[in-house]
Asker: 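I'd like to ask you about the structure that follows.
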Amino acid sequence: MTLPLAPFATRASSGGMVAAADHLAASAGVTVLSQGGSGADAAIATAAAMAVVGPHMSGLGGDMLAMVSVPGQPPLALLGIGRAGSGVNPNRLRSAGHLSMPLRGDLQTVPVPGAVDGWLALWGRFGRLPLETVLVPAIELAEQGFPASIMLALASHLIWQRPGAQELCLNAPLSVGQPVRLPGIARTLRAIAVDGRDGFYGGEFGRGLLALGQGVYAEPDFATDQAQWCPPVHQQAWGHDLWTVPPPSQGYLTLAGSVIAEACELGVDPNDPGWIHLIVEACRAAGFDRPEVLYDGADGDVLVDREHLLARVARINADGAAASDVATTSGSLGSKSGIARIGDGDTTHLCAIDADGLGVSLTQSNALDFGSHVIEPTTGVFLHNRGVGFSLEPGHPAELAPGRRPPHTLSPMLATRPDGTLSHLVGAMGGDAQPQILVQLLARLLRAGQDPATAVSAPRVALDAPSAGPFRLWWGDDLKVLVEANAPATWTEGLAGRGHQVQTIRAFDPTSVGCAQIISQADDSDSGRVFLGASDPRSPEGAVVAR
């Protein structure tokens, strides 16, 4: 046995566990576990608490996606993705001079929020406790108050002068540790606890958003359930079965990058410069055509077809970076795709598992920091801007249209062993770069055999091409590999020597390389289940809390 190569140890438990980007939210989930709740109850309690203590990352006005592992059953995917309102009109935006979706201030970029419907679908299928009990920790945080975290205090500078932000920020940006109370959010959570979706979509929030939209939404938009259970996308790599949510999520890229990296005979030593080079090239080869192929209704199984993916391996050279036009087969849309580059994003991921092994990998998001910077005024709910994923190119399969769901960055996933038992719950924030982050984590966990703490705290890279269109990560003369400063010197030297443009960024930088959460399940033994978890040190308030 060896000690983990990390600044902290992997946490272990046999009674259940929650990993989240805020310790208050993780504690909320474990409180529900201690009351007899399921892993689903714990995930909802944690997600609701994150909506309170981390409104810059996620909230009632955003979306959620989840992968669920039920012992003895195939994994399930849940899409809590909102649909564009009945009154959206791409011609109106094009006539106003927009080539891509506006980032802020326009409700055509705000689909009906899907997170609450997602929570309710998860609770309705796998919850054990009354919904009122599950939401109590979040309601108490909102009513009684909580100290502002470092990241929330920093983010508050972006929003404090916006109309409606006074409930959060009062008259100035928040300071670290400043007490924050959110009575409007507490009132909304109580309405959900009592009346379910009618308390949200048909209640104070729904009425306020309908009025605020001035024709962008119609009442039937809120009557439509935004949540969908569906078969996950699946592939095999490194001796495991990998499962993720289907399109319109980009999660398929995690599986595609892993399959390609394995086929390139990725080694077991992450310090080897060839290791990180192959990771970079696998992610580039997996993601080059994302703008054309990712849209509402795309076939995820086709996107991860093994023969299709292995054909891309021939374009990868272990000794040099591929040309910028690698694998171009259908013509580059580039910036003409009409899709706004999502960039870093602001998102949160959490993992929860109960003593019986019911596990949830859940990602929820406002899309960009406080989302659209539009606030529903009666409740104080920040509205996401997930509609930035739509295209404004006429005829594009992801073109903005009423009732359509936008291409989505959120990419929760899980891994199982050949016998079907759960191996890992994994996910990350990180905008467009989420699949790159997850491929690196999976390579460390499944190929290099690292424990969760070592894997999640290890240095990372991310691709960035500011002049490129969204996820055109092989395209553009300014394509760089961003490398954390704590990475081995061999990485920088080896990448540069193979023709990559390398830029060093500060160590533990969540804005570039995301923030992840991991819970693994050790091989079942006669002594019962053992869970191992780690929270990314890139989130200062993050924690793994065991029952």
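Position 1 is the first residue of the sequence, and the numbers go up from there.
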Asker: When you measure from the side chain of D22 to the backbone N and O of L24, does any donor-acceptor pair fall under 3.5 Å?
Answerer: yes

Asker: Can you name the closest pair of heavy atoms from A428 and T363 and give their distance?
Answerer: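 Distance-wise, the nearest heavy atoms are O-CG2, 4.1 Å.
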
Asker: Just wondering, do I192 and L120 contact through their side chains at under 4.5 Å, heavy atoms?
Answerer: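 Touching, per the 4.5 Å side-chain cut-off.
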
Asker: Sequence neighbours excluded, which residues qualify as side-chain hydrogen bond (donor to acceptor under 3.5 Å, both in side chains) partners of Q161?
Answerer: none

Asker: In chain order, what residues pass the side-chain hydrogen bond (donor to acceptor under 3.5 Å, both in side chains) check against H23, with sequence neighbours excluded?
Answerer: none

Asker: Under the rule for ring pair (Phe, Tyr, Trp, His ring centres under 6.0 Å), what residues qualify as partners of F146, not counting sequence neighbours?
Answerer: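 With sequence neighbours excluded, F146 shows a ring pair (Phe, Tyr, Trp, His ring centres under 6.0 Å) to no residue whatsoever.
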
Asker: Do you know which two heavy atoms are closest between V233 and P246, and how far apart they sit?
Answerer: CG2-CA, 3.5 Å

Asker: Kindly give the heavy-atom pair with the smallest separation between L294 and S249, and that separation in Å.
Answerer: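 Of all heavy-atom pairs spanning L294 and S249, the closest is CD1-O, 3.3 Å.
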
Asker: How many angstroms lie between CG in L350 and OG in S361, if you round to the nearest 0.5 Å?
Answerer: 8.0 Å

Asker: Taking the side chain as every heavy atom from C-beta outward, state whether L78 and Q228 have any pair of such atoms under 4.5 Å apart.
Answerer: no

Asker: Strictly distance-based, threshold 3.5 Å: is any side-chain N or O of E484 a donor or acceptor partner for the main-chain N or O of I505?
Answerer: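 No.
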
Asker: D225: what forms a side chain to side chain contact (heavy atoms under 4.5 Å, CB included) with it, not counting sequence neighbours?
Answerer: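 Testing D225 for side chain to side chain contact (heavy atoms under 4.5 Å, CB included), a comparison that skips the adjacent residues, returns D117, A227.
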
Asker: Quick one: list whatever passes side-chain hydrogen bond (donor to acceptor under 3.5 Å, both in side chains) with D63, sequence neighbours left out.
Answerer: H408

Asker: Determine whether a donor-acceptor pair (N or O, by modelled atom type, separation under 3.5 Å) exists between the side chain of Q436 and the backbone of V280.
Answerer: no

Asker: Are more than 12 heavy atoms, taken from residues, nucleotides or ligands other than E219, located less than 6.0 Å from that residue's CD atom?
Answerer: no

Asker: So do V388 and P406 actually touch side chain to side chain, heavy atoms under 4.5 Å?
Answerer: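 No. Closest side-chain heavy atoms not under 4.5 Å.
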
Asker: Does E281 have any salt bridge (charged side-chain N to carboxylate O under 4.0 Å, His left out) partners at least two apart in sequence or in another chain, and if so, which?
Answerer: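 E281: salt bridge (charged side-chain N to carboxylate O under 4.0 Å, His left out) contacts with R284.
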
Asker: Is it the case that the side chains of R83 and Q226 hold a donor-acceptor pair, with the cut-off being a distance below 3.5 Å and no angle test?
Answerer: no

Asker: To the nearest 0.5 Å, how far apart are CD in Q434 and CG in L410?
Answerer: 5.5 Å

Asker: Salt bridge or not for R460 and D509, using N-O below 4.0 Å?
Answerer: no

Asker: For the atom pair CZ (F200) and CG (L189), what is the distance rounded to the nearest 0.5 Å?
Answerer: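 Answer for the CZ-CG pair, F200 versus L189, is 9.0 Å.
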
Asker: Side chains of V245 and P412: does their closest heavy-atom pair fall under 4.5 Å?
Answerer: yes

Asker: Just checking, is any N or O donor in the side chain of S457 or R538 under 3.5 Å from an acceptor N or O on the other one?
Answerer: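 No, R538 and S457 have no side-chain donor paired with an acceptor closer than 3.5 Å.
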
Asker: What donor-acceptor contacts under 3.5 angstrom involve side-chain atoms of residues 204-212, with partners at least two apart or in another chain?
Answerer:
residue : atom : partner : partner atom : Å
E204    : OE1  : R187    : NE           : 3.0
E204    : OE2  : R187    : NH2          : 3.1

Asker: Quick check: do L122 and L362 have side-chain heavy atoms less than 4.5 Å from each other?
Answerer: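 The answer is yes; the side chains approach within 4.5 Å.
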
Asker: Taking the side chain as every heavy atom from C-beta outward, state whether L495 and I276 have any atom pair closer than 4.5 Å.
Answerer: yes

Asker: Please step through side-chain contact (heavy atoms from CB on, under 4.5 Å) for the pair N385 and N366, ending with a clear verdict.
Answerer: CA-CA 7 Å; N385 56 347; N366 285 338; 5.7 Å; no

Asker: What's the spacing between L303 CG and Y252 OH if we round to 0.5 Å?
Answerer: 5.5 Å

Asker: Supply the atom-to-atom distance D369 CG to L103 CG, rounded to the nearest 0.5 angstrom.
Answerer: 10.0 Å

Asker: Is it the case that the side chain of H396 and the backbone of A398 share a donor-acceptor pair, with hydrogens and angles ignored and the cut-off at 3.5 Å?
Answerer: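 Side chain of H396 to backbone of A398, a donor-acceptor pair under 3.5 Å: yes, one is there.
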
Asker: What's the shortest heavy-atom distance between A298 and V293, and which atoms?
Answerer: CB-O, 3.3 Å

Asker: What I'd like to find out is whether the side chain of I81 reaches to under 4.5 Å of the side chain of P248, using heavy atoms alone.
Answerer: yes

Asker: Check side chain to side chain contact (heavy atoms under 4.5 Å, CB included) between T348 and all other residues, then give those that pass, not counting sequence neighbours.
Answerer: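 For T348 the side chain to side chain contact (heavy atoms under 4.5 Å, CB included) partners, ignoring immediate neighbours, are A21, M50, M57, S58, Q364.
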
Asker: Grab the two heavy atoms, one from V304 and one from Q235, that are nearest each other, plus how far apart they are.
Answerer: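 Distance-wise, the nearest heavy atoms are O-NE2, 2.9 Å.
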
Asker: Applying side-chain hydrogen bond (donor to acceptor under 3.5 Å, both in side chains), can you list everything that pairs with T224, at least two apart in sequence or on another chain?
Answerer: none

Asker: Does a side-chain heavy-atom distance below 4.5 Å link D106 with L93?
Answerer: yes

Asker: Has R312 got a side-chain atom pairing as donor or acceptor with A285's backbone, closer than 3.5 angstrom?
Answerer: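 Looks like yes, one N/O pair under 3.5 Å.
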
Asker: Ignoring hydrogens and angles, state whether a donor on the side chain of T109 or H384 is under 3.5 Å from an acceptor on the partner side chain.
Answerer: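 No pair is found: no donor N or O on one side chain lies under 3.5 Å from an acceptor on the other.
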
Asker: Can a donor-acceptor pair be found, under 3.5 Å and without considering hydrogens, that links the side chain of D536 to the backbone of A516?
Answerer: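 Present.
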
Asker: Determine whether E541 and I150 satisfy the following criterion, side-chain contact (heavy atoms from CB on, under 4.5 Å), listing intermediate values before the conclusion.
Answerer: CA-CA 8 Å; E541 291 82 28; I150 296 171; 3.4 Å; yes

Asker: So T254 and L442, side-chain contact (heavy atoms from CB on, under 4.5 Å) or not? Walk me through it.
Answerer: CA-CA 9 Å; T254 302; L442 291 173; 3.8 Å; yes

Asker: Restricting to salt bridge (charged side-chain N to carboxylate O under 4.0 Å, His left out), what partner residues turn up for R404, sequence neighbours left out?
Answerer: none

Asker: When you measure from the side chain of T244 to the backbone N and O of M413, does any donor-acceptor pair fall under 3.5 Å?
Answerer: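 A pair under 3.5 Å: no.
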
Asker: Would F382 and I159 count as a side-chain contact (heavy atoms from CB on, under 4.5 Å) if you check the C-alpha gap in whole Å, the side-chain angles of each, and the deciding distance to 0.1 Å?
Answerer: CA-CA 10 Å; F382 289 92; I159 197 72; 3.5 Å; yes

Asker: Pairs in or reaching into residues 84-99: which pass salt bridge (Lys or Arg N to Asp or Glu O under 4.0 Å), with residues at least two apart or in two chains?
Answerer: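 Salt bridge (Lys or Arg N to Asp or Glu O under 4.0 Å) check on residues 84-99 returns R94-E399.
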
Asker: Okay, side chain of Q517, backbone of G427: is any donor-acceptor separation there less than 3.5 Å?
Answerer: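 No, the answer is negative, given that no donor and acceptor are paired below the 3.5 Å cut-off.
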
Asker: May I have the list of side-chain donor-acceptor pairs in residues 166-177 shorter than 3.5 Å, sequence neighbours left out?
Answerer:
residue : atom : partner : partner atom : Å
Q166    : OE1  : G164    : N            : 3.1
E167    : OE2  : G184    : N            : 2.8
S175    : OG   : Q178    : OE1          : 3.3

Asker: For the backbone of A142 and the side chain of R181, can you confirm whether one donor and one acceptor N or O come within less than 3.5 Å of each other?
Answerer: no

Asker: Is the backbone of T379 close enough, under 3.5 Å, to the side chain of E376 for a donor and an acceptor to pair up by distance?
Answerer: yes

Asker: Checking R197 against Y201: charged group under 6.0 Å from the ring centre and within 45 degrees of the axis?
Answerer: yes

Asker: Looking only at heavy atoms, which two atoms of V88 and P402 are closest? And how far apart?
Answerer: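 Between these two residues, the closest heavy atoms are CG2-N, 3.5 Å.
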
Asker: Between S86 and D221, is there a side-chain donor-acceptor contact under 3.5 Å, judged purely by atom types and distance?
Answerer: yes

Asker: From L463 CG over to S512 OG, what is the distance, rounded to the nearest 0.5 angstrom?
Answerer: 11.5 Å

